[in-house]
Amino acid sequence: MSKVLDEKLTKMTLEEQKLWALRHTAEHILHTSLQNLYPKLKKAMGPATPDGFYNDFDFDEKITEADFEKIEKEMKRLINLDLPMIQEDVKIEEAKKIFKNNPYKLEWIDEIEKRGEKVSTYKMGDEEIDLCSGPHLNSTGEVKAFKLLSVAGAYWHGDEKNKMLQRVYGTAFYSQKELANYLYQIEEAKKRDHKKLGQELELFMFHNTSPGMPYWLPKGLTIYNELVKFWRIEHIKRGYQEIMSPILNKKELYITSGHYDHYWSEMFVAKTEDEGEYGVKAMNCPNAHIVFDHKNRSYRDLPLRLSDTDPLHRYERSGTLNGLLRVREFRQDDAHIYVSEDQIESEYKNVFEIVKKFYSIFDINYSFRLGTRNPENFMGDVKTWDKAEKTLNKILKESGIEYEILDGDGAFYGPKIDILMKDSLGRSWQMGTIQLDFQQPRRFKLQYIDKGGSLKTPIAIHRVIYGSLERFIGILIEHFAGNFPTWLTPVQVKILPLTERNLNYANSIFKKLRDDGIRVEIDERNETLGEKIRNAQMEKISYMLIVGDKEEKEKTISVRCRDGKSLENDSLEDFIRIIKKEIEEKLIN
RNA sequence: GCCUUCCUAGCUCAGUGGUAGAGCAACGGUUUUGUAAACCGUCGACCCGGGUCCGAUUCCCAGGGAAGGCUCCA
């Protein structure tokens, strides 16, 4: 067994290992079925995954979902035959002979030879033999429930320089019930999709005229602004100073920063008649460096924390755009912190504390990842990099934070710590990031005067907490399924007058709430109460205030919460107190 | 960018080689309502451009846009 796979399996529970073997077997059955149905098809590879399995193959004819029925039928046949799965180690030379017609397998065999590992094969009865490290079930009959899910194109080794193969995704379980449950979960997750909810709740939209660039509708912008407001208050408390700088910058700025060499092809460019090219800002750091440099700085100024939320544009490849989760226009809750070398550690701790504070408010799961030097795309010398990576490793370990390492994922100017979150479909997204940068300050010739009166170059920490506001809101929508906490929700209260007789009273309440800074709407339509409630429920309003003749006469309100429950208090003053307390408690504690 | 699929009214969806039908929404009227959909009526659409055809929303080609996927180890 290969080292990588071995490591992976040892991390799993026994239950997970069993499922892994099951799915690996199902994948093997899929491949054999494909091979039986389409003899000219060449298998490339096919692993089990946490959700199922997939199989990559090279085939000139197109397989589509319309073919699934036929393929599943063949898979069923192999399962019913209950063929034994027999593992056998073979010599390199022999393996090369067996798979001589399959260049993908031969490449794998070379790789195995290079690593000095054993070549393992599996036989499925007399039907088929395949290069495979296992583990597998003992026989095909043990696969009790499976389903093919989708087809896709996938590059060999994920590299677009290689040939594009076809991929079939599927999943398998030990029982039909588990399979049905899994499919149900997927359907449920789709209901939380931020793209769907964004439209239903009128939060944002996209338009053909600017793909990947969101239009923020009034309700979505309310959420956006609340997040920025909270960010601003918390950062002022922690000594950050906010700046704003040009969106268009001459090419020369990005030549200085190094982005011209490393990033220009992913930037939008604005051409001028006679002043050359301007780059549309894709990152904030170069402008922050300019601000640092506009006057003499002293060691007393450090750490100097410059924050901003300027709009950024990046020319992301069209196929990668994904609702709010990958866009071409966005804003970050960005900051650049200039520190002396001995301040790195304590400033990182400060940043981690902000992360903890921010994320705990939303009760979202997240994980850390350290990205190290990319050998093909980095600036500066290896020694400085090694030092920076060592520093980050040390800080993470001492903070007791669990993290994974992704080699080569650093920014071109320095290693970084990313914070990841998952969307409703379980896909991971990079949210916050904290990057250490020894390079750019040198290139910008940034300096400060230290205690002894000599000039020193500061170190820059680039950091975002939400990440991009756009992506963060996308994740939030899915996390809350549109049921935002009251402090964030676009409409906190909706007043539902029972009849037209109650409009005046309803409006007087509306004005009081609005004057008190509560986001309130009134449903003046000539509709039944049932319809008004249904409507407000679907808009996911936090509180509904129902006012009819009874309330009007007694000068009270009747409060219905989003979960269908009622509040006992029936005075407006009490209600205002309750809602304000709810908001404050969430943000302060 | 590449692969697959998709694009019909503001939204959700029908449907067809002879230019489309519904529900919700919107608008007008009736009703004046007690905790998730009152009733009647009106308005409103085949993503864009070519081609094939007597005729294209439907078939073909090109474009635009969207969704899922594109290194989880044989």
Trainee: How is A/Leu321 classified with respect to the nucleic acid when contacts are heavy atoms under 4.0 Å: base, sugar-phosphate, or nothing?
Mentor: sugar-phosphate
Trainee: Could you check whether the side chain of A/Arg534 and the base of B/C24 have a donor-acceptor pair of N or O atoms closer than 3.5 Å, going by distance alone?
Mentor: no
Trainee: Base, sugar-phosphate, or nothing: which does A/Asp549 touch, judged by heavy atoms less than 4.0 Å apart?
Mentor: base
Trainee: Does A/Lys195 place a side-chain N or O at less than 4.0 Å from the phosphate oxygens OP1/OP2 of B/G68?
Mentor: yes
Trainee: Heavy atoms under 4.0 Å, any strand shown: does A/Gly548 hit a base, just sugar-phosphate, or nothing?
Mentor: base
Trainee: On the side chain of A/Tyr155, is there an atom forming a donor-acceptor pair with the base of B/G69 - under 3.5 Å, no angle test?
Mentor: no
Trainee: Between the base of B/G34 and the side chain of A/Glu551, is there a donor-acceptor distance below 3.5 Å?
Mentor: yes
Trainee: Nearest of B/U35, B/G69, B/A66 to any side-chain atom of A/Ile533?
Mentor: B/U35
Trainee: Which is true for A/Ser558 with a 4.0 Å heavy-atom rule: it touches a base, it touches only sugar-phosphate, or it touches nothing?
Mentor: base
Trainee: Per the salt bridge (Lys or Arg N to Asp or Glu O under 4.0 Å) rule, which among A/Glu202, A/Glu200, A/Glu539 passes with A/Lys219?
Mentor: A/Glu539
Trainee: Contact class for A/Ser566 vs. all strands (heavy atom < 4.0 Å): base, sugar-phosphate, or nothing?
Mentor: nothing
Trainee: Quick check: do A/Arg519 and A/Val491 have side-chain heavy atoms less than 4.5 Å from each other?
Mentor: no
Trainee: Which of the following nucleotides, B/C70, B/U35, B/A38, is nearest to the side chain of A/Arg167?
Mentor: B/C70
Trainee: Pick base, sugar-phosphate or nothing for A/Gln199, based on heavy-atom distances below 4.0 Å to the nucleic acid.
Mentor: sugar-phosphate
Trainee: Would A/Ser367 and A/Glu404 count as having a side-chain donor-acceptor pair, cut-off 3.5 Å?
Mentor: no
Trainee: Identify whether any heavy atom of A/His28 sits under 4.0 Å from a base atom; if not, whether one sits that close to sugar-phosphate; answer base, sugar-phosphate or nothing.
Mentor: nothing
Trainee: Below the 4.0 Å mark, does B/A38 have OP1 or OP2 next to a side-chain nitrogen or oxygen of A/Thr528?
Mentor: yes
Trainee: Applying a 4.0 Å non-hydrogen cut-off, can you work out what A/Arg427 is touching in the nucleic acid: base, sugar-phosphate, or nothing?
Mentor: sugar-phosphate
Trainee: Across the strands shown, which category fits A/Met45 at heavy-atom distances under 4.0 angstrom: base, sugar-phosphate, nothing?
Mentor: sugar-phosphate
Trainee: Parallel, tilted or perpendicular: which one describes the rings of A/Tyr263 and A/His259, with boundaries at 30° and 60°?
Mentor: perpendicular
Trainee: Between B/C27 and B/G63, how far is it from one C1' atom to the other, in whole Å?
Mentor: 37 Å
Trainee: Name the nucleic acid region contacted by A/Gly564, choosing base, sugar-phosphate or nothing; use a 4.0 angstrom heavy-atom cut-off, strictly under.
Mentor: nothing
Trainee: Could you tell me whether A/Lys62 contacts a base, only the sugar-phosphate backbone, or nothing, with contacts defined as non-hydrogen atoms closer than 4.0 Å?
Mentor: sugar-phosphate
Trainee: Atom CD of A/Glu527 to atom P of B/C40: distance rounded to whole Å?
Mentor: 13 Å
Trainee: Atom CE of A/Met164 and atom P of B/U4: how far apart are they, to the nearest Å?
Mentor: 9 Å
Trainee: Can you tell me how far C1' of B/A74 sits from NE2 of A/His157, to the nearest Å?
Mentor: 10 Å
Trainee: Check this for me: does the side-chain of A/Ser133 come within 3.5 Å of the base of B/A74 through a donor and an acceptor?
Mentor: yes
Trainee: Which part of the nucleic acid, if any, lies within contact of A/Ser318, taking any heavy atom under 4.0 Å across all strands shown: a base, the sugar-phosphate backbone alone, or nothing?
Mentor: base
Trainee: Pick base, sugar-phosphate or nothing for A/Glu160, based on heavy-atom distances below 4.0 Å to the nucleic acid.
Mentor: base
Trainee: Pick base, sugar-phosphate or nothing for A/Ala536, based on heavy-atom distances below 4.0 Å to the nucleic acid.
Mentor: nothing
